[in-house]
Participant: 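Dropping a structure here in structure tokens format, bear with me for questions.
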Amino acid sequence: MTTLTPSEKALVPFVSVDNMMKLVHHIGIEPMLRGLADYIEADFRRWELFDKTPRIASHSAEGVIELMPTSDGEVYGFKYVNGHPKNTADGLQTVTAFGLLANVDNGYPVLLSEMTVLTALRTAATSAMVAKYLAPKGADTMAMIGNGAQSEFQSMAMKAICGIKTVRLYDTDPAATAKAARNLTGLGLNVVACTSAEESMEGAQIITTCTADKQYATILTDNMVGAGVHINAIGGDCPGKTELAPAILHRADIFVEYPEQTRIEGEIQQLDADHPVTQMWEVINGTAKGRTSSEQITLFDSVGFAIEDFSALRYVRDNINGTDLFIDLDLLADPDDPRDLFGMVQRAAPA
């Protein structure tokens, strides 16, 4: 068989899981979280430029597989992601993902990347970027309810971006709490392992819920939430999956990414379709109010949106330049004559 050397037009930079982890350590986890938050915030400021659509979801009894596309008119991006809560029982990740950026003018991909690690980073960066606007002034303690794969990233992002000093951990599985406490030890946070959700919220100005069960659940009951806190609800991300008692939603001012998606997948699926919410991009642009009083309960009903993935992929593309933290994949056919794809295949036939 003739070996045809791929041209530069055929090659697409690919960031593997191994190289993504190396990139995190090359940059530093806190600087990377701050950098991702800056990119996400910048894209929220130009929110109106983007194509926006609720993610395309294929649901099953076991979980969901989704595609999350968007474009700013110059670059197109998408993420493939799944959510299968039962996977951990089989030694598998609940969430896996990969993503792609492409030039709009010719449709050619310019980056392919793992996004299992990157999604955890961008989700945490988004949470903390939003908390910077909505959390009470001087907040220094967070309750982290749900100590799975996201919990350490959330904790470190709140430290890096919001100045959190103490994280109070709780999970229904004590082994998960022990894992998170062990991983966070020595990273500059005061880590407190708790034995109940109520205990975890003692003295917390920020409450983050991140549980995985695909069912209507009540992680926070109304009596557990006092005035003046910021709730970062990130576990609900598909129909039928919620974490908060409806009464909390009626007491809180609710902030969302994209209402058309959040009303399907977020905590507000429990409310009337016209229940008022505020879009975060408007708060960031200064056209809507965020926190207005010390007694106010603010709730970020986060389900994750494609623009955040787009921002994260942009960040990776810009930060792998000049490094060896990617490989070139022979991903695109590039015949000498663009009209002669068949001829290119034939020239690769065995001698």
Side-chain angles (χ1 to χ4, degrees), residues 16-17 20 51-71 76-100 109 112-124 126-127 145-151 153-154 171-173 175-176 179 208-220 232-246 249 256-273 300-310 312-313:
S16 65
V17 173
M20 184 64 72
D51 291 337
K52 293 174 285 291
T53 182
R55 55 185 149 215
I56 303 159
S58 177
H59 293 279
S60 68
E62 293 76 27
V64 63
I65 295 174
E66 300 167 331
L67 290 178
M68 301 173 65
T70 192
S71 172
Y76 170 89
F78 80 84
K79 181 173 79 173
Y80 165 98
V81 61
N82 76 294
H84 285 68
K86 296 178 181 178
N87 273 7
T88 51
D90 298 322
L92 302 174
Q93 289 282 297
T94 299
V95 174
T96 67
F98 66 87
L100 178 143
L112 177 65
S113 178
E114 83 80 36
M115 289 196 74
T116 307
V117 175
L118 186 58
T119 293
L121 289 160
R122 77 87 165 132
T123 302
T126 302
S127 293
I145 302 173
N147 300 156
Q150 263 286 323
S151 59
F153 296 96
Q154 291 284 325
D171 195 287
T172 54
D173 179 3
K179 176 271 303 180
T208 294
T209 58
C210 185
T211 59
D213 285 344
K214 188 181 178 183
Q215 62 183 7
Y216 288 105
T218 305
I219 307 304
L220 295 186
N232 178 41
I234 63 173
D237 58 4
C238 64
K241 184 180 174 188
T242 59
E243 299 180 310
L244 308 185
L249 307 182
V256 303
E257 292 137 320
Y258 184 56
E260 288 86 341
Q261 180 173 297
T262 311
R263 292 191 190 279
I264 297 169
E265 300 178 346
E267 296 298 325
I268 59 173
Q269 65 184 279
Q270 303 179 77
L271 302 178
D272 293 337
F300 180 39
D301 188 3
S302 175
V303 297
F305 191 63
I307 293 173
E308 296 153 13
D309 299 308
F310 181 95
L313 288 166

Participant: Any chance you could measure L244, atom CG, to L249, atom CG, to the nearest 0.5 Å?
Facilitator: 5.5 Å
Participant: Mind running side-chain contact (heavy atoms from CB on, under 4.5 Å) on T119 and T96 for me, showing each step along the way?
Facilitator: CA-CA 9 Å; T119 293; T96 67; over 6 Å; no
Participant: Less than 3.5 Å apart, any donor N or O on the side chain of S127 or Q154 sitting next to an acceptor on the other?
Facilitator: yes
Participant: Hey, are S302 and E257 close enough side-chain-wise for a donor-acceptor pair under 3.5 Å?
Facilitator: yes
Participant: D171 side chain to N147 main-chain N or O, any donor-acceptor pair under 3.5 Å?
Facilitator: yes
Participant: K79 versus P69: any side-chain heavy-atom pair under 4.5 Å?
Facilitator: no
Participant: Can T70 and D51 be counted as having a side-chain donor-acceptor contact under 3.5 angstrom?
Facilitator: no
Participant: Less than 3.5 Å apart, any donor N or O on the side chain of T242 or E267 sitting next to an acceptor on the other?
Facilitator: no
Participant: For G148 and S151, work out which heavy atoms get closest and say how close.
Facilitator: O-OG, 2.9 Å
Participant: Is any side-chain heavy atom of V81 closer than 4.5 Å to one of M115?
Facilitator: no
Participant: Say you draw a straight line from CZ of F305 to CE of M68; how long is it, rounded to the nearest 0.5 Å?
Facilitator: 7.5 Å
Participant: Mark yes or no for whether E243, through its side chain, and G235, through its backbone, hold a donor-acceptor pair below 3.5 Å.
Facilitator: yes
Participant: Quick check: closest heavy atoms across R263 and D272, and the distance to 0.1 Å?
Facilitator: NH1-O, 3.8 Å
Participant: Would you sort out whether T116 and Q93 count as a side chain to side chain donor-acceptor pair (under 3.5 Å), showing the intermediate values?
Facilitator: CA-CA 9 Å; T116 307; Q93 289 282 297; over 6 Å; no
Participant: Between V64 and N82, does a side-chain contact (heavy atoms from CB on, under 4.5 Å) hold up when you go through it step by step?
Facilitator: CA-CA 6 Å; V64 63; N82 76 294; over 6 Å; no
Participant: In terms of ring plane angle, is the pair Y80 and F98 parallel, tilted or perpendicular, where the classes change at 30° and 60°?
Facilitator: parallel
Participant: Minimum heavy-atom separation for Q261 and V303, please, with both atom names.
Facilitator: NE2-CG2, 3.2 Å
Participant: Could you give the distance from CG (D309) to CZ (F78), rounded to the nearest 0.5 Å?
Facilitator: 11.0 Å
Participant: Quick one: do V256 and F300 satisfy side-chain contact (heavy atoms from CB on, under 4.5 Å)? Show the steps, please.
Facilitator: CA-CA 6 Å; V256 303; F300 180 39; 5.8 Å; no
Participant: Do NZ/NE/NH1/NH2 and the carboxylate oxygens of E265 and R55 come within less than 4.0 Å?
Facilitator: yes
Participant: Show the nearest heavy-atom pair for residues P109 and L100, with the distance to one decimal.
Facilitator: CB-CD1, 3.9 Å
Participant: Which value, rounded to the nearest 0.5 Å, describes the distance between S60 atom OG and I65 atom CD1?
Facilitator: 7.0 Å
Participant: With rounding to the nearest 0.5 Å, note down the distance linking SG in C210 to CG in N232.
Facilitator: 8.5 Å
Participant: Measuring from atom CD1 of I234 to atom OG1 of T209, what distance do you get when rounded to the nearest 0.5 angstrom?
Facilitator: 7.0 Å
Participant: Does some side-chain heavy atom of I264 sit less than 4.5 Å from a side-chain heavy atom of E260?
Facilitator: no
Participant: Give a yes or no on whether the backbone of R122 and the side-chain of E308 come within a donor-acceptor separation of less than 3.5 Å.
Facilitator: no
Participant: Please step through side-chain contact (heavy atoms from CB on, under 4.5 Å) for the pair L313 and S113, ending with a clear verdict.
Facilitator: CA-CA 8 Å; L313 288 166; S113 178; 3.9 Å; yes
